[in-house]
There are 2 protein chains.
Amino acid sequence: MDDSYYMGLALGEAKKAYDLGEVPIGAVLVVDQQVVASAHNMREIWHDATAHAEVIAIRAACKALNRWRLTGATLYVTIEPCPMCAGAIVMSRIDRLVYGSPDYKAGAVESLFNVVQNSALNHRLDVTAGVRADECSTLMKDFFRQRRK
Amino acid sequence: MDDSYYMGLALGEAKKAYDLGEVPIGAVLVVDQQVVASAHNMREIWHDATAHAEVIAIRAACKALNRWRLTGATLYVTIEPCPMCAGAIVMSRIDRLVYGSPDYKAGAVESLFNVVQNSALNHRLDVTAGVRADECSTLMKDFFRQRRK
């Protein structure tokens with residue numbers, strides 16, 4: 001299983017969000033090639049500002065593994081994480097982040113800040129960007145185009 | 001009721017964390033002078049990397065008010081928020097942040113980043129720092145001194 005495969009699972013999660021009228025972002029957390037948690041954005045339905053795909057996946061993974069240090073984990077997410085999610089990724093000590101498309105308006109990995117590779121913070125991680133980026137960004141564009149109608 | 005009063009409640013929450021062996025940080029979320037949520041750090045006991053005082057308070061407030069936009073809210077927290085918490089504060093559209101002591105190692109308001117007043121993000125907030133700062137930082141210093149023993 002490669003990055004493209006797991007990003008496909010994250011895209012599947014993003015599509016679930018799309019169908020629910022939520023901003024279509026999905027995330028999958030993998031340890032030893034096993035999917036430990038899958039999630040999609042649920043902010044509107046849960047009335048919870050913290051219910052982004054990444055935060056839900058991290059919380060679910062902490063629960064599943066019964067530890068807050070997600071050492072050995074790779075997080076796949078369709079869109080560049082926002083500051084909250086990038087911070088959660090650092091706080092949970094995830095080893096590697098793979099995302100699809102950048103978020104120029106709010107991204108905290110390459111766009112506005114780089115929260116996940118700051119030498120002052122006590123954890124940094126490997127980042128791979130651009131995996132299935134077109135599919136990830138197309139889903140977002142379709143969603144906002146549809147909503148403007 | 002003034003900032004010092006509400007920070008006293010946040011300090012009370014921080015002391016609960018201290019007694020539980022959790023890093024002693026507390027938060028209180030206030031709307032119209034009413035305390036909507038109070039929380040303290042629970043990362044170790046809950047095995048949840050996202051269980052910082054601020055995130056728990058924000059989630060509890062979203063639940064109590066049944067909305068993710070915490071417009072009209074002031075968040076009191078004993079220590080300068082980390083990137084995750086500063087991001088959550090922006091994401092939940094809190095109006096005002098009041099904190100006690102800076103966190104030079106991981107703070108995302110004045111120390112490493114300024115996540116809460118970035119012109120590129122779609123929400124910015126008023127910040128008051130230094131309220132009962134000595135009490136807030138003393139609690140942290142005592143905790144880490146005790147733990148090193």
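Letters go in sequence order (proteins before strands), and every chain restarts at 1. Atoms considered below: every heavy atom in the structure, side chains included; atoms not considered: hydrogens, waters and symmetry mates.
For a heavy-atom cut-off of 4.5 Å, chain A lies close to no residue in residues 140-149 of chain B. Below 4.5 Å, heavy atoms of chain A meet heavy atoms from B/L112, B/F113, B/N114, B/V115, B/N118, all part of residues 108-118 of chain B. Below 4.5 Å, heavy atoms of chain A meet heavy atoms from B/A49, B/T50, B/H52, B/V55, B/I58, B/R59, B/C62, all part of residues 49-64 of chain B. Residues of residues 119-132 of chain B lying under 4.5 angstrom from chain A, judged on non-hydrogen atoms, are B/A120, B/L121 by number.
Note on A/L29: it clusters hydrophobically with A/I79, by side-chain heavy-atom contacts below 4.5 Å among ILVMFWY residues. Cluster membership for B/Y18 and B/Y99, using ILVMFWY side-chain heavy atoms within less than 4.5 angstrom, is shared. Hydrophobic clustering keeps B/I25 apart from B/M42 (ILVMFWY residues linked when any side-chain heavy atoms are closer than 4.5 Å, directly or through intermediates). In the hydrophobic cluster analysis, where Ile, Leu, Val, Met, Phe, Trp and Tyr join through side-chain heavy atoms closer than 4.5 angstrom, B/M84 is grouped apart from A/V90. Under the 4.5 Å side-chain heavy-atom criterion for Ile, Leu, Val, Met, Phe, Trp and Tyr, B/L70 and A/W46 are members of distinct hydrophobic clusters.
Between B/W68 and A/H47, the shortest heavy-atom contact is CB-C, 3.7 Å.
Contacts of B/R67 with chain A are made by backbone atoms alone, with heavy-atom separations under 4.5 Å and no side-chain atom involved. Heavy-atom distances place no part of B/A86 under 4.5 Å from chain A, backbone and side chain included.
Atom CG of B/D32 sits in a sparse spot, with 12 or fewer heavy atoms from other residues, nucleotides or ligands closer than 6.0 Å.
Residue with the most contacts toward chain A among B/S92, B/G87, B/A106, B/C82: B/G87 (heavy-atom pairs, distance under 4.5 Å).
With values rounded to the nearest 0.5 angstrom, B/M91 atom CE is found 7.5 Å from A/C85 atom SG.
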